[in-house]
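Below: the structure, in C-alpha cells.
Please read these numbers as outputs of a predicted model, since none were measured by experiment. Note that the numbering runs from 1 along the sequence shown for the chain.
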Amino acid sequence: QGHLVESGGASVHAGGSLRLSCVFSGYNANFICMAWFRQAPRKQREGVAALLVGGTPNYYADSVQGRAKISQDKAKSTMYLQMNALKPEDTAIYYCAAVERTFCGETEWYYPGQYPDWGQGTQVTVSP
C-alpha cells in the first residue's frame, strides 16, 4: 500500500496563489492514477484534478478549470497542484489520493471510492 503526504496549504487572500505538493511512496507500478480532492465543511468530497503518473492526460473539475494546473515530478515522487486566482469557495481541506492502474478515466477520476490510498490533508483557507 502506498503512502501519501500533502503539504503547502495556507491562508491566503482572494486572488492569491498556492502550490500544493503530494509526496508519494511505496508504489511499484509503472502507472499510478493520482488525484487531488477537497472537502469543505458540511460538503461532500470533490475531485479537483487528476493525472496519470507515467502517462497522460490530465483532468480538471469545471470549478477550477483555467485556474489550476496539476503536474508531476516522477524523479521526486511528487505531484503538485498549482492554484491561481483563488476564491473563498476554494476553502477546504485538500487531499491527494492514488490508485495503481494504467488509466484515470475521464468519467471516473472524480469518484473518491476508487482510490484506496489517501493522504492526511492540508488546509487551504481563502479570505475575501
Side-chain angles (χ1 to χ4, degrees):
Q1 186 173 359
H3 186 57
L4 306 170
V5 180
E6 305 98 330
S7 62
S11 295
V12 298
H13 290 292
S17 298
L18 279 177
R19 188 176 78 159
L20 306 181
S21 300
C22 174
V23 177
F24 55 93
S25 60
Y27 295 95
N28 297 315
N30 290 327
F31 296 96
I32 310 164
C33 174
M34 296 191 68
W36 286 98
F37 284 80
R38 66 186 181 185
Q39 189 163 20
R42 298 174 297 281
K43 291 191 176 181
Q44 290 188 334
R45 195 163 292 193
E46 172 193 24
V48 177
L51 58 73
L52 185 66
V53 175
T56 59
N58 299 340
Y59 301 104
Y60 296 93
D62 290 343
S63 58
V64 301
Q65 184 73 44
R67 300 190 296 122
K69 181 180 179 182
I70 190 170
S71 62
Q72 59 177 291
D73 185 336
K74 198 172 181 182
K76 294 183 179 180
S77 298
T78 303
M79 176 180 68
Y80 302 98
L81 181 69
Q82 177 70 41
M83 291 280 293
N84 302 318
L86 284 161
K87 305 175 182 180
E89 50 263 44
D90 293 319
T91 295
I93 299 175
Y94 284 69
Y95 299 90
C96 67
V99 56
E100 288 185 316
R101 68 183 189 198
T102 59
F103 69 97
C104 282
E106 184 175 6
T107 58
E108 299 167 273
W109 68 267
Y110 44 81
Y111 290 108
Q114 64 184 312
Y115 297 91
D117 301 327
W118 292 82
Q120 82 288 349
T122 187
Q123 176 71 48
V124 172
T125 303
V126 185
S127 57

field: Residue pair Gly54 / Phe31: nearest heavy atoms and the distance that separates them
entry: O-CE2, 3.0 Å
- line: Exactly one candidate in Lys69, Met83, Glu46 meets side-chain contact (heavy atoms from CB on, under 4.5 Å) with Val64; the answer is Met83
task: Enter the distance from Leu52:CG to Thr102:OG1 here, rounded to the nearest 0.5 Å.
output: 7.5 Å
field: Heavy-atom side-chain contact between Glu100 and Tyr27 under 4.5 Å
entry: yes
query: Between Tyr95 and Trp118, what is the ring plane arrangement, given parallel below 30°, perpendicular above 60°, and tilted in between?
result: perpendicular
- line: The side-chain contact (heavy atoms from CB on, under 4.5 Å) partner of Arg38 among Ile93, Val124, Val48, Thr91 is Val48
- prompt: Is there a path of hydrophobic side-chain contacts, each under 4.5 Å between heavy atoms of I, L, V, M, F, W or Y residues, that connects Met79 with Tyr115?
  reply: no
message: Give me the atom names and distance for the closest heavy-atom approach of Asn58 to Ile70.
response: ND2-O, 3.5 Å
- prompt: Judged by modelled atom types alone, do Glu89 and Ser63 share a side-chain donor-acceptor pair under 3.5 Å?
  reply: no
message: So, taking the atom named OG1 in Thr122 and the one named CG in Leu81, what distance separates them when rounded to the nearest 0.5 Å?
response: 11.0 Å
- prompt: Do the side chains of Tyr59 and Trp36 join up, straight or via other hydrophobic residues, at under 4.5 Å, putting them in one cluster?
  reply: no
message: By the definition side-chain contact (heavy atoms from CB on, under 4.5 Å), identify the one residue from Ile32, Thr78, Val53 that meets it with Gln72.
response: Val53
task: Please report the shortest heavy-atom distance between Gln39 and Lys43, naming the atom on each side.
output: NE2-O, 3.1 Å
- prompt: Should we count NZ of Lys74 as having more than 12 external heavy atoms under 6.0 Å?
  reply: yes
query: Are Leu20 and Tyr60 linked, directly or through other ILVMFWY residues, by side chains that come within less than 4.5 angstrom of each other?
result: yes
- prompt: Which pairs, with at least one residue in residues 96-128 and sequence neighbours excluded, count as a disulfide (SG to SG under 2.5 Å)?
  reply: Cys22-Cys96, Cys33-Cys104
- prompt: Are Arg45 and Phe37 in a cation-pi contact, defined as NZ or CZ under 6.0 Å from the six-membered ring centre and within 45° of the axis?
  reply: no
- line: Heavy-atom closest pair (Asp90 atom, Arg67 atom, distance to 0.1 Å) is OD2-NH1, 2.8 Å
field: Shortest non-hydrogen contact between Ala49 and Trp109, atoms and distance
entry: N-CZ3, 3.4 Å
- prompt: How long is the gap from OH on Tyr110 to CG on Asp62, to the nearest 0.5 Å?
  reply: 10.0 Å
message: Ignoring hydrogens, what is the shortest heavy-atom contact between Ala92 and Ala40? Give both atom names and the distance.
response: CB-N, 3.8 Å
query: Got more than 12 heavy atoms from elsewhere within 6.0 Å of CD, Gln120?
result: yes
message: Tell me whether Phe24 shares a hydrophobic cluster with Leu51, the cluster being built from Ile, Leu, Val, Met, Phe, Trp, Tyr side chains joined at under 4.5 Å.
response: yes
